[in-house]
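Comments concern the structure below.
Numbering of ligands and ligand atoms starts at 1, following listing order.
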Amino acid sequence: MVILGIESSCDETGVAVYCGERGLLSHCLHSQVELHAEYGGVVPEIASRDHVRRVVPLVRQALADAGVGSDDISAVAHTRGPGLVGALLVGAGFATSLALAWGVPSIPIHHLEGHLLAPMLEPDPPAFPFVALLVSGGHTMLVGVEGVGQYEILGQSLDDAAGEAFDKTAKLLGLGYPGGPALAKLAEEGTTGVFKFPRPMTDRPGLDFSFSGLKTFAMNTINANPAEARADIARAFEEAVVATMVIKCRRALEQTGYGRLIISGGVGANRRLRQQLTELGQKVGAETHYPAIKFCTDNGAMIAYAGYRRMADGLLGDASFSVRARWPITELTPPERLTAL
Ligand code: KG4
Ligand code: ZN
């Protein structure tokens, strides 16, 4: 079974080919970061137009790199949502048309399901069930994953997503877009303990997060200190976000009794977070699994893989052409109600 996967929910065009027997055969990515940098954030119309420019050459390249032709493709998967509608429509429109032309199923994928399953692209994939810390630019949640399509939200951010908090604080620190990696780099130059940031919502039970207060705390600290303090402030901010997540992950493992923890989404690329979650796993006797850094941020491989899992497990569901700007992951049809195409 060979699946072509197309991701276009935001500012990355990702295309990949995944083979059930041989694993990931190719993956191509075009990031629009430079196009949006001058605006300090993603401009939806610019994103859509760039997906239009990139999708055909990337599909050609992914097929060539994989050494497969259209006859070899068993299905075409694409991101249905959540994301920017115009951007999603480019990938969905192209993928659905290809599937129609090639006479194979079209498989719409939930973007967050892609992120949740991304650690399974690694040589030592986690078994179900596991706790997933899903931390991206748009989402921060702890999810109990029992199987493909079986997701329970254990906790989530009540305001800003973790990546958003990184990006906004980075902006306050005068760093470019996207701020997460830039802030993490600056934090490396800082000293621990010079500033102490709060660990939001850790003093009460529960698995929800809140990051907007941390951003305000960062703003006040930046305004009250000289420019030379920036690295120490970045360090304190990063440490507070990471410590908060570690506390919540520990609670989620205890609450579910699951022995595995995975991390995914763009903030999952953060080195300090990976390091400290590994230490947590060692302490509490839980396995930890992370996608390769390149598969933490948006990519086509996770969509091709999710498409493969759904097709292999007979979970194709509704293949009608539509995109979803907002799409709670809990709306994914429970497997027992899905029918194969
Ligand atoms: O998953 P992703 O590529 O896109 C969404 O679906 O949102 O995540 C992008 C987010 C951005 O907010 C970016 O600043 C953050 O991930 N990010 C990081 C790091 N690398 C990317 N945040 C902290 N540390 C990093 N090393
Ligand atoms: Zn994403």
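Those atoms of ligand 1 that come under 4.0 Å of a heavy atom in G163, given as number and element, are 12 (O). Near T297, the atoms of ligand 1 lying under 4.0 angstrom from a non-hydrogen atom of the residue are 3 (O). Short contacts between ligand 1 and G138, defined as distances under 4.0 Å to a heavy atom of the residue, involve ligand atoms 7 (O). Each of the atoms 1 (O), 5 (C), 6 (O), 7 (O), 8 (O) of ligand 1 lies under 4.0 Å from some heavy atom of S136. Using a 4.0 Å cut-off to heavy atoms of H115, the atoms of ligand 1 that qualify are 1 (O), 6 (O). Short contacts between ligand 1 and D298, defined as distances under 4.0 Å to a heavy atom of the residue, involve ligand atoms 1 (O), 2 (P), 3 (O), 4 (O), 5 (C), 6 (O).
With a 4.0 Å cut-off on non-hydrogen atoms, R271 does not touch ligand 1 at all. Contact annotation for H111 and ligand 1: only side-chain heavy atoms (C-beta onward) come within less than 4.0 Å of the ligand. Only the side chain of D167 comes within 4.0 Å of ligand 1, counting heavy atoms alone; its backbone N, CA, C and O stay farther away.
A perpendicular orientation is assigned to the rings of H111 and H115, their planes being inclined by more than 60° (bins at 30° and 60°). Using cut-offs of 30° and 60° for the angle between ring planes, the Y18 and Y305 rings count as perpendicular.
A salt bridge links E188 with R271: at least one charged nitrogen is closer than 4.0 Å to a carboxylate oxygen. Under a 4.0 Å N-O distance rule, the pair R235/D232 does not qualify as a salt bridge. A salt bridge links E45 and R49; the closest N-O separation between the charged side-chain nitrogens and carboxylate oxygens is under 4.0 Å. R310 has a carboxylate O that lies under 4.0 Å from a charged side-chain N of E113, or vice versa, which qualifies the two as a salt bridge.
Legend: protein N/O/S atoms lying under 2.8 Å from the Zn ion (ligand 2), waters omitted, number 3.
Nearest heavy-atom pair across G114 and M302 is O-CB, 3.3 Å. Considering all non-hydrogen atoms of both residues, E7 and T79 come closest at OE1-OG1, 2.6 Å. Counting all heavy atoms, side chain and backbone alike, A218 lies closest to T169 at CB-CG2, 3.7 Å. Here the shortest heavy-atom pairing between P198 and A240 reads O-CB, 3.5 Å. Pairing each heavy atom of G307 with each of A77, the nearest pair is CA-CB, 3.9 Å.
Remark: distances from the non-hydrogen atoms of P181 to ligand 1 include one below 4.0 Å.
Not a single N or O atom of G265, backbone or side chain, sits closer than 3.5 Å to an N or O atom of ligand 1. Ligand 1 has no nitrogen or oxygen under 3.5 angstrom from a nitrogen or oxygen of E164.
Note: F130 and F128 meet the aromatic proximity criterion, with ring centroids under 6.0 Å apart.
Although no hydrogens or angles enter the test, the distance criterion places a donor-acceptor pair under 3.5 Å between the side chain of D167 and the main chain of G179.
Closest to atom 22 (N) of ligand 1 among all protein heavy atoms lies G180 CA, 3.5 Å. In this structure, the protein non-hydrogen atom closest to atom 10 (C) of ligand 1 is G137 N, 3.5 Å. Nearest protein heavy-atom contact of atom 24 (N) of ligand 1 is N270 ND2, 3.0 Å. Remark: minimum distance from atom 17 (N) of ligand 1 to any protein heavy atom is reached at G266 O, 3.5 Å.
Listed by first and then second residue, the ring pair (Phe, Tyr, Trp, His ring centres under 6.0 Å) pairs involving residues 24-51 are H27-F295 (not counting sequence neighbours).
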